[in-house]
Structure formats: C-alpha cells, structure tokens
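What follows is a short report on a single structure.
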Amino acid sequence: MSHAPTHQDWLNRAAQVHITTGLFIDGHSVDALAGETFECINPATGTVLAQMAKGQAADIDRAVASCRAAWNDGRWARQAPRARAQVLLKWADLVETHSAELALLETLDMGKPISDMFNIDLPEVLKTIRYFAECIDKIDGAVTSTDASALHTITHEPLGVVGAITPWNYPMLMAVWKLAPILTAGNCVVLKPAEQAPLTCTRLAQLFVDAGGPPGVFNVVNGMGAEAGKALALHMDVEKITFTGSTAVGKLLLGYAGQSNMKRIALETGGKSPQIFMPDLYDFDAAVDRAVGGIFDNAGQVCNAGSRLLVHRSLHDRFVERFVERTAALYSPGDPLDPATTMGPLVSQTQRSNVNARIARALEQGAHQVLPALGAGLNAAGAYLAPTLFTQVRQDMAIVQEETFGPVASVQAFDTAQEAIALANDSVYGLAASVWTSDLQSAHRMGAALQAGVIWVNCFGDGDMTQPFGGYKQSGNSRDKHKDSLLSYLQTKSTWINLA
Ligand code: NAD
C-alpha cells in the first residue's frame, strides 16, 4: 500500500488480524497449564477479538523458573554490554518494522485512536528502547579514596528476576518504560500485562527473541491481577516488582512484599493533576488548547491527565467558553480505526460505567455539567463517552479529590497564587502539575511550592527521555525514564580488598 492507510484499509486489515493468544515462556507461545482462557474484547464494537490464555499461579511459577534458569546460566547478564545493546537496538528496529501490526493490535484491544499509535505511542516506545540501549555502558562504578592499605570498589550488578505489572492505558509504552531499563541492566523479566489490553505485550516478547534475545530472559504471563499479578508479587524467587497502575493495587503490592521475600516494590500510581492558569498567562488560546488536550487525549485515561483546571477568577468565564468551543473542534469520539479520529472509546464497558458513576456523583454533589456525557451517533455497543466538563465544583467533592481516569475535567476559580497552590496541593496525589504564567519569578516560586514529581511551566505533558517520570505522595515511589531508572534495576556492591 503506497498511500497512508485509510479508514477502510484499517477495517480490512482488522478483519484479517492475527492474534497470538498464548503466554510467552522460554521463547514459545504456550497455553496456560490449567487450559483456562479469558475474552479479549474490542471496546469500540463490543466484539470478542480472541480467547487469551489465562495464566495463574502455576504459570507464574513456570515463567519465573524459566527466568531463573536464564539468570543462573548468564545467557543475558554475562554477555558483553555492547552485545546486549545490539540485541536491544535490533529489537527496536523490529518494533519499527512491525509498527502497523502493533498499532492495529493496540487500537483493536484498547480503543486508542490509530493516529495516536503513530504520533505518540510507537515513537515513544522506540525512543525508550534506543535510549536505554545507548545507556548500557554509561553507568560506571567507582574506586573510592581509601587508605593505601586497601582498594575499595563500588560496582553495580543486576538484581536477577524482576516482575513487571503494567496497566492498559498505554499498554506497550508503559511496559517498555519498565522492560527497556530492566533488560539493559542485565536482568530477566516476567511481564504481567493488564488483562484489558494484553495483545501487544506478547508480540514485544516474540520480537525480542527474533532480535536475538535469549529465550527465557523475557517471559509474559497474561491473566487476572488478583491471580497472576498477585502470584508474581508474592513469589519468593522474584527480586523486584515494578508496577504501573492504581494506588489501591500499589498498596496491596507493598503488603505482598512484606508477606513474601521483602522484594523491592517500585510504584507508579494514580494522579489528579492540577493546571494553574494565572491572569498574566502568555498565550490564552494556546493554554486553553493544551488544557483541552491535557484531559481529553487518550480519552482522559492518562495517569497525569490535567483533570483539575484552576483558573484565575478574571479568566474563568472566558476560559470555560473557549474550552467548550475548542473541545467541540478538537475531540469528538469516533471509530479509533479512522485516522481522523482523535478520541476513541474507553478501554471497556466496565471503565465507562466507573466513569459514569463518578459523573453521576458529581451531579449529586451539586457540580454544574457544562459539557455532556452523551456521545451522539456513536456505536451503542462501544464504550464511548463524550468529553465532560464540570464547573461550580468545591474542593471537597469527589470529582476534585478522586481519580476519574476518563474524559472528565473540572474548573475551579481562584483569586491569589497562594490560594491556587493550596487547592493544587490539597490532594493525596502528586504526580504532575502545571503553571501557566508569563512571570518568571512566579513560575519558579509556584513550581517549587507544588507538591508533584513533574512540573510543567507554560506547557503540559511535554518532555523527553531525560525527564524522570513519577510522583510524590500516593502517586508512587519511583521514576520511569531517565538513566536513573536504569540504576533502580541494579544493586550496589562494595568490594574491600586488603592490600596490607
Ligand atoms: P490496576 O491497578 O487495576 O491494574 C494495573 C495492573 O495491576 C494490571 O496488570 C492488573 O492486572 C494488576 N493487578 C490488579 N490487581 C492486582 C493484584 N491484587 N496483585 C497484583 N497485580 C494486580 O490499574 P489499571 O486500571 O490497569 O490502570 C489505571 C491506573 O494506572 C490509574 O490509577 C492510573 O493513574 C495508573 N497509571 C499510572 C501511571 C504512572 O506512571 N504513574 C501510568 C499509567 C497509569
């Protein structure tokens, strides 16, 4: 096909898509030991895409044992760093070669617009793998300044077997934020993808082996969180769990570590990000457009979604008016296989019900709904939800305090910078926050006062691989991206040599 694929082209491809349904262990696609399966559903149509093998504790045991064997014989960790980098770079090349297949699988699986796959997810996946592969020999140890009677070295060694448990909102990208540094560091990994969107992760593992990655180094067990995920987190032979998902499950994982082998638990969890719009902001129209994108991209299913819009009272009415106008122009829900679509369905009917319940609660608590929650003319079997905006919200309302994880924003007016900071920080979450102002001093002061791991000034969602991504407070305890995340999959060894 020489032209860019059209909606019809994607529909044709979707009709013939090949889905790998097995678990991926030791370089092979295998059935679950108990032979059980679960349905993988296309949220845009409600149709069943595949019956996926449903891994349970016995499958986790098998996958961990396979990783342990690979770790013990050093088939990955003991290869020269440059040799491992070659495999990782080849892996990225194969992901790129298979872009169309991976984009289609992800769109069918979680409803993400196919254009987002090419504009956001796939480029970020490639950057992540290539960035960490390039870091492979840039983490040095040290010789410390000891007395001449001793030589003391500090070296960094991989942990062994790591478990990665990932969410459905950016299924491939969230997995790769973990996988790339885990594998670069020389570890073996069992990945437990989200059961709502498992299709691309198995393909990633196969492509790793196709790129020359030794079998057994990267295994995938699909299944339910409370079964396969819990078994992985409780496993006595896993050195670390790295997790992206809800705060509630993050807390359970901390408990599982305590009940088992005290494994390390790295958490990237929920968010309720505030965006503060000061009266002196530099470009009003651009700021409103980012506010709209900051909450409606990926249908609001983004951990750092800018769901709390704090707008100076002098701008409030104009802001709401422009926000409504721009939302209509930029985000109308549609078939995610249409390259013109900017907003697909939510990941599942369950998620739509969750978000609808939060909308109903906001109304009950007295919030004013400015944008509708009904998607006119959409496939009724799909999990669609139109962009939603509330005004007249109070700080104690659930719509302000609780994560919605859907296309729902609220606007609050404030009078002073101090008040804006107090509203912004009054949250159990602290993932991201932004300030829009043309005053450099106030940008610095407010950035310092905001309790969040990621601060954006006059932008939202911007960044590259050099930006550590993760939260303060109950948004998590670790960071993805940046080469420091590579260090988090290594452990420090001190060797003291007596020269006397
Ligand atoms: P979730 O916590 O329900 O599930 C995440 C993963 O955990 C899935 O693989 C699931 O199967 C597994 N899981 C569920 N219960 C488990 C258990 N008892 N033991 C072990 N594993 C279990 O979250 P979700 O609904 O898939 O994702 C949405 C959440 O993820 C939101 O809260 C969002 O903010 C968060 N998120 C955070 C980031 C970040 O970087 N901070 C990025 C994306 C998503």
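Both counts, for ligands and for their atoms, begin at 1 and track the order of listing.
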Winner among Glu268, Lys272, Lys251 once heavy atoms are compared against atom 40 (O) of ligand 1: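 Nearest option to atom 40 (O) of ligand 1, by heavy atoms: Glu268.
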
[X]-[Y] side chain donor-acceptor pair, cut-off 3.5 Å:
{"X": "Asn261", "Y": "His235", "answer": "no"}
{"X": "Thr37", "Y": "Lys54", "answer": "no"}
{"X": "Asn219", "Y": "Ser66", "answer": "yes"}
{"X": "Ser427", "Y": "Gln401", "answer": "no"}
{"X": "Lys178", "Y": "Thr244", "answer": "yes"}
{"X": "Gln349", "Y": "Arg352", "answer": "yes"}
{"X": "Gln275", "Y": "Ser434", "answer": "yes"}
{"X": "Thr200", "Y": "Glu106", "answer": "yes"}

Is ligand 1 under 4.0 Å from a heavy atom in the side chain of [X], in the backbone, in both, or in neither?
{"X": "Pro193", "value": "backbone"}
{"X": "Asp480", "value": "neither"}
{"X": "Met174", "value": "side chain"}
{"X": "Leu431", "value": "side chain"}
{"X": "Tyr256", "value": "side chain"}
{"X": "Glu403", "value": "side chain"}
{"X": "Thr166", "value": "backbone"}

Is the closest heavy-atom distance from [X] to ligand 1 below 4.0 Å?
{"X": "Leu253", "value": "yes"}
{"X": "Tyr170", "value": "no"}
{"X": "Ala194", "value": "yes"}

Could you list which atoms of ligand 1 come closer than 4.0 Å to a heavy atom of [X]?
{"X": "Leu252", "answer": "18 (N)"}
{"X": "Thr244", "answer": "5 (C), 36 (N), 37 (C), 38 (C), 39 (C), 40 (O), 42 (C), 43 (C), 44 (C)"}
{"X": "Phe243", "answer": "2 (O), 5 (C), 6 (C), 7 (O)"}

Validation row, ring centre Phe243 to ring centre Tyr256 under 6.0 Å: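 Not under 6.0 Å, so no.
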
Do Phe218 and Trp76 make the cut of ring centroids closer than 6.0 angstrom?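 Ring-ring flag for Phe218/Trp76: false, centres at least 6.0 Å apart.
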
Should the pair Arg68-Glu239 be classified as a salt bridge under the 4.0 Å nitrogen-to-oxygen rule?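 The answer is yes: the pair qualifies as a salt bridge.
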
Salt bridge present between Glu402 and Lys272 (N-O < 4.0 angstrom):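 Looking at Lys272 together with Glu402, the answer is no, because their closest N to O distance does not fall below 4.0 Å.
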
Got the closest protein heavy atom to [atom], with its distance?
{"atom": "atom 27 (O) of ligand 1", "result": "Pro167 CB, 3.5 Å"}
{"atom": "atom 15 (N) of ligand 1", "result": "Val249 CG2, 3.6 Å"}
{"atom": "atom 10 (C) of ligand 1", "result": "Glu195 OE1, 3.7 Å"}
{"atom": "atom 41 (N) of ligand 1", "result": "Thr269 O, 2.7 Å"}
{"atom": "atom 42 (C) of ligand 1", "result": "Cys303 SG, 2.9 Å"}
{"atom": "atom 14 (C) of ligand 1", "result": "Gly225 CA, 3.6 Å"}
{"atom": "atom 33 (C) of ligand 1", "result": "Phe405 CE1, 3.2 Å"}
{"atom": "atom 25 (O) of ligand 1", "result": "Trp168 NE1, 3.0 Å"}

N or O contact, [X] vs ligand 1, cut-off under 3.5 Å:
{"X": "Thr247", "value": "no"}
{"X": "Gly245", "value": "yes"}
{"X": "Gln196", "value": "no"}
{"X": "Asn169", "value": "no"}

Contact bool for atom 4 (O) of ligand 1 (protein heavy atom, d < 4.0 Å):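 Given the 4.0 Å limit, the answer for atom 4 (O) of ligand 1 is no, no protein heavy atom qualifies.
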
Using a 6.0 Å distance limit plus a 45 degree cone around the ring axis, check whether Lys483 lies over the aromatic ring of Phe132.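 Because its charged atom misses either the 6.0 Å distance or the 45° angle limit, Lys483 does not stack over Phe132.
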
Quick one: does NZ or CZ of Lys473 land under 6.0 Å from the six-membered ring centre of Tyr429, within 45 degrees of the ring axis?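 Verdict for Tyr429: no cation-pi partner in Lys473.
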
Show, in sequence, the C-alpha distance, side-chain angles and deciding distance for Thr247 and Gln474, and conclude whether the side chain to side chain donor-acceptor pair (under 3.5 Å) test is met. CA-CA 7 Å; Thr247 294; Gln474 292 186 40; 5.4 Å; no

State, yes or no, whether a side-chain contact exists between Thr404 and Ile399 at a heavy-atom distance under 4.5 Å.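 Yes - at least one pair of side-chain heavy atoms lies under 4.5 Å apart.
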
